[in-house]
> 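Once you've had a glance at the structure underneath, I'll fire off some questions.
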2 protein chains.
Amino acid sequence: MAEQDNRYRERLLESGLKVTRQRLALLAAISQSETPLTAEELFMRLRRDFATLSLSTVYRALDTLCEKKMVSRSVLMDGGRAMFEIAPETHGHNLICTVCHKIVPIQGCPLRDYEDSLARSTGYVISGHKLEVYGVCPQCQSKSHAV
Amino acid sequence: MAEQDNRYRERLLESGLKVTRQRLALLAAISQSETPLTAEELFMRLRRDFATLSLSTVYRALDTLCEKKMVSRSVLMDGGRAMFEIAPETHGHNLICTVCHKIVPIQGCPLRDYEDSLARSTGYVISGHKLEVYGVCPQCQSKSHAV
DNA sequence: GTCTTTGCAAATCATTTGCATGGAA
DNA sequence: TTCCATGCAAATGATTTGCAAAGAC
């Protein structure tokens with residue numbers, strides 16, 4: 001825990017950012033969650049032991065951390081609010097259950113080769129992509145059978 | 001034009017929706033655009049020859065038409081506002097220029113086989129996905145060279 | 001005539017911004 | 001000490017909702 005804390009401390013400094021309690025707490029909270037969280041969710045979690053924290057600080061810190069690639073932002077199907085997760089070192093995507101909204105990472109990305117062929121066929125210089133896959137997880141499948 | 005109008009008329013009726021001027025105008029406007037449009041953009045286009053139209057009608061009609069699969073909604077990278085396009089009969093995705101924000105459709109989808117293998121490896125029943133690819137279009141590439 | 005759809009205005013939700021204070025380097 | 005970061009409150013932007021009037025079937 002303290003080691004991880006120090007890793008974040010270093011990365012903040014490397015990025016030219018100041019090490020603040022709120023940023024460290026944010027990074028700790030995001031990294032402790034297995035699924036991406038909304039700004040509001042993070043705010044509520046941190047509020048427990050950080051009474052004076054402000055929601056706009058959460059938004060500002062998330063913006064900054066996204067710029068520095070320490071955190072990444074994804075968008076859910078409904079289009080409502082943004083979700084945040086620790087930027088994974090290996091590029092990948094999420095698989096989202098449309099029933100319970102559980103989010104699990106998919107390891108690997110099926111689009112590397114595709115991007116190359118797309119670049120060739122369109123003349124675009126491809127810079128990236130956003131992919132989310134939707135489905136029903138095994139647990140929710142068995143629940144619906146049980147009814 | 002009148003033929004297309006009639007096709008939409010039918011599809012509305014089939015879906016159990018009433019055929020209204022505003023819905024027909026909306027469908028016409030969306031189908032006449034080569035790129036997806038925001039609700040606001042549609043509103044402004046329709047306002048030209050439809051002075052009393054209300055923005056909330058546009059939102060409501062778009063919601064309804066998305067439910068009935070006549071229109072589809074996509075999300076831009078920045079996460080701001082939703083964009084709408086006529087639901088394509090063949091599943092495909094968009095390629096978005098990060099400089100001029102031009103949006104062009106990509107024919108074909110690289111993920112069909114991938115979804116099958118993902119279903120096998122995860123136990124999920126895959127229902128769909130959202131994919132957007134980002135890059136710089138040939139025009140914007142040459143413009144930046146020119147500088 | 002009945003039930004849906006619309007227009008308008010007000011409400012809501014997520015996110016952003018201005019500004020003075022507080023805190024890290 | 002010098003800026004960057006934070007807290008608070010107010011602003012913004014996109015989208016939604018309540019309600020009465022208008023329109024489609």
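This is a predicted model, so every value here is computed, not measured. All chains are named by letter (A, B, ...) in the order of the sequence lines, taking the proteins before the strands, and each is independently numbered beginning at 1.
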> Which nucleotide in the list dC25(D), dG7(C), dA14(C) gets nearest to the side chain of R81(A)?
dA14(C)
> Check the distance between dT16(D)'s P and L62(B)'s CG and give it to me in whole angstrom.
10 Å
> Let me spell it out: for each of K18(B) and R47(B), pick the nucleotide of DNA chain C with the closest heavy atom. Which residue's pick is nearer the 5' end?
K18(B)
> Look at R9(B) together with D5(B) and state whether they make a salt bridge at an N to O cut-off of under 4.0 Å.
yes
> Without decimals, in angstroms, what is the distance between F50(B) CZ and dT6(C) C1'?
9 Å
> Between E132(B) and H93(B), is there a side-chain donor-acceptor contact under 3.5 Å, judged purely by atom types and distance?
no
> Nearest whole Å is fine: how far is dA24(C) C1' from R21(A) CZ?
12 Å
> Just wondering, do D63(A) and R73(A) contact through their side chains at under 4.5 Å, heavy atoms?
yes
> Does Y59(B) place a side-chain N or O at less than 4.0 Å from the phosphate oxygens OP1/OP2 of dT15(D)?
yes
> Looking only at the side chain of S56(A) (C-beta and beyond, no hydrogens), which of the listed nucleotides dT15(D), dG7(C), dA9(D) gets closest?
dA9(D)
> How many whole angstroms separate atom CD of E41(A) from atom C1' of dC13(C)?
14 Å
> For a quick check, tell me whether the side chain of R23(A) and the base of dG23(C) share a donor-acceptor pair closer than 3.5 Å.
no
> dG23(D) phosphate, OP1 or OP2: any side-chain N/O from Q22(B) under 4.0 angstrom?
no
> Tell me, do S31(B) and Y8(B) make a side-chain contact under 4.5 Å, heavy atoms counted?
yes
> Ignoring the backbone of L13(B), work out which of dG7(D), dG7(C), dC25(D) is nearest its side chain.
dC25(D)
> From CG of L55(A) over to C1' of dA5(D), roughly how many Å is that when rounded to an integer?
16 Å
> Considering only side-chain heavy atoms of A39(A), which listed nucleotide, dT17(C), dT16(D), dT15(C), is closest?
dT15(C)
> Could you tell me the separation between the CZ atom of R60(A) and the CG atom of L26(A), rounded to the nearest 0.5 Å?
13.0 Å
> Measuring only between side-chain heavy atoms, which start at C-beta, is I103(A) closer than 4.5 Å to E34(A)?
no
> Look at T20(B) and dA24(D) and indicate whether a side-chain polar atom (N or O) is within less than 4.0 Å of OP1 or OP2.
no
> What nucleotide among dT16(C), dT6(D), dG7(C) has an atom nearest to a side-chain atom of S54(B)?
dG7(C)
> From dG23(C), dC19(D), dC19(C), pick the nucleotide closest to the side chain of R60(A)?
dC19(C)
> Quickly work out the F43(A) CZ to dT16(C) P distance and round it to whole Å.
15 Å
> To the nearest Å, how far apart are L12(B) CG and dT5(C) P?
10 Å
> NA contact type, E40(B), heavy-atom cut-off 4.0 Å: base, sugar-phosphate, or nothing?
nothing
> Distance check needed: dC4(D) P versus D63(A) CG, whole Å only.
17 Å
> Do the side-chain N or O atoms of T57(A) get closer than 4.0 angstrom to the phosphate oxygens (OP1, OP2) of dG7(D)?
yes
> Counting side-chain heavy atoms from C-beta on, which of dG23(C), dT5(C), dT15(C) comes nearest to L17(B)?
dT5(C)
> Given dT15(C), dG7(C), dT15(D), identify the nucleotide with an atom nearest to the side chain of L53(B).
dG7(C)
> By the 4.0 Å heavy-atom rule, please label T38(B) as base, sugar-phosphate, or nothing.
nothing
